[in-house]
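All residue numbers refer to positions in the sequence shown, counting from 1. FYI, side chains are in, hydrogens and waters are out, and symmetry mates aren't considered; it's all heavy atoms of this structure. Start at 1 and go down the list; that is how both ligands and their atoms are numbered.
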Amino acid sequence: MTDSKESSLKDNSAASLQTAADGNLRHLLTLQNIPLTWLSKFFTHADECAAGNIERSLAGKLFVNIFFESSTRTRTAFEAAAKQLGADVVNLDQITMAGESKGESLEDTVRTVAAMGATGIALRHSQSGAAVLAAQAADEFGIAVINGGTGCESHPTQGLTDAYTLREIFGEDLSAVSVAIVGDVLHSRVARSNTQILRAMGVKNIRLIGPPGLCPPALKEEFDAPVFDDLDEGLAEVDVVILLRVQRERIDSYHLTIEDYFANYGLSETRLAKLKAEAVIMHPGPINRGIEISNAVADGKQSKILRQVTNGMAIRKAALLYFCGGKS
Ligand code: CP
């Protein structure tokens with residue numbers, strides 16, 4: 001497994017491992033090289049899930065959430081979606097897993113739940129590369145791994161959720177839409193997955209904005225996108241602002257105060273007023289009010305933050321149906 005410094009937008013090992021010889025996906029590990037034709041069909045299927053046109057076709061299946069890191073949205077959405085589709089759901093976390101206290105490896109944890117009859121696993125892990133290891137173990141049993149967020153590299157169901165939300169607002173063709181990603185881009189799996197999927201959907205204008213310690217100029221090459229340390233300059237004329245969560249300890253380690261961060265990189269009402277009137281504000285959550293975003297902006301009419309959460313349910317249902325035995 002790799003740490004954040006080795007994370008890359010181009011995690012080709014995950015992309016090749018998840019793709020079957022016939023072009024279908026066996027796992028969802030990354031959005032790198034995700035085919036537009038697959039995305040288009042997947043989103044149409046998510047539309048059906050959102051409309052409630054899906055039967056309980058996972059009845060009798062066992063789905064396991066293996067979460068080595070905390071999560072509210074992702075884990076709950078997978079659990080709720082799986083239950084609404086009729087599956088039985090087991091949640092493993094740091095407290096219940098033997099791996100943490102008894103030295104069992106991630107791969108053996110996957111093999112253990114597969115041997116119990118699981119047909120699908122969602123994995124969250126602090127290390128980049130964990131989803132590939134889990135998928136290799138899952139392949140011994142022919143079951144699917146869905147990456148629920150690993151290291152700094154990948155959070156594909158969040159990327160799908162965010163792209164689906166933009167498709168809902170702007171339509172299928174996103175080529176004219178400009179997107180700013182603001183905050184701790186360096187450590188963000190959301191920034192990487194979102195950039196991968198938005199590029200696949202035709203977005204040309206992506207800008208990265210943040211303090212140099214958290215959004216260094218070197219990211220220009222990895223993301224193939226301009227990097228700004230001046231928020232107002234970076235936000236000029238954008239259609240979409242995706243704010244990223246900033247950990248307080250990371251702010252401290254770059255000798256910034258929370259007040260400094262909000263003054264320079266927070267989205268306040270004053271800054272919002274300078275954007276296009278119809279600019280869309282997004283955040284994957286959890287949000288830090290008063291750090292990345294003001295209360296008024298988070299709760300305002302341009303905010304799509306809760307819409308992202310709602311859409312996340314349709315995306316997780318579509319993913320479960322595709323990957324865990326209820327393929328349509
Ligand atoms: N966006 C996201 O991954 O949130 P959780 O950490 O609550 O799952």
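Residue-ligand proximity, G285 to ligand 1, at heavy-atom distances under 4.0 Å covers atoms 1 (N), 2 (C), 4 (O). Those atoms of ligand 1 with a heavy atom of H155 less than 4.0 angstrom away are 2 (C), 3 (O). Near T74, meaning under 4.0 Å from one of its heavy atoms, ligand 1 places the atoms 2 (C), 3 (O), 5 (P), 8 (O). Below 4.0 Å from some heavy atom of Q158 lie the following atoms of ligand 1, by number and element: 1 (N), 2 (C). For ligand 1, the atoms lying closer than 4.0 Å to a non-hydrogen atom of T72 are 5 (P), 7 (O), 8 (O).
Both cation-pi conditions hold for R316 and F78: the charged atom is under 6.0 angstrom from the six-membered ring centre and inside a 45 degree cone around its axis.
With distances taken over non-hydrogen atoms, the option nearest atom 1 (N) of ligand 1 out of G149, G148, P284, S70 is P284.
Between F42 and Y322, the two ring planes are perpendicular [angle over 60°; tilted spans 30° to 60°].
Of the charged side-chain nitrogens involved, none lies within less than 4.0 Å of a carboxylate oxygen, so that R192 and E153 do not count as a salt-bridged pair.
Atom 6 (O) of ligand 1 has as its closest protein heavy atom R124 NH1, 2.8 Å. The nearest heavy-atom contact from the protein to atom 4 (O) of ligand 1 is R73 NE, 3.0 Å.
Within the model, atoms CD1 of I291 and CG of L243 stand 12.5 Å from one another, a figure rounded to the nearest 0.5 Å.
For R289, the CZ atom counts as densely surrounded, since its 6.0 Å shell holds more than 12 non-hydrogen atoms of other residues, nucleotides or ligands.
Contact record, K204 with R199: O-NH1, 2.9 Å, taken as the closest heavy-atom pair.
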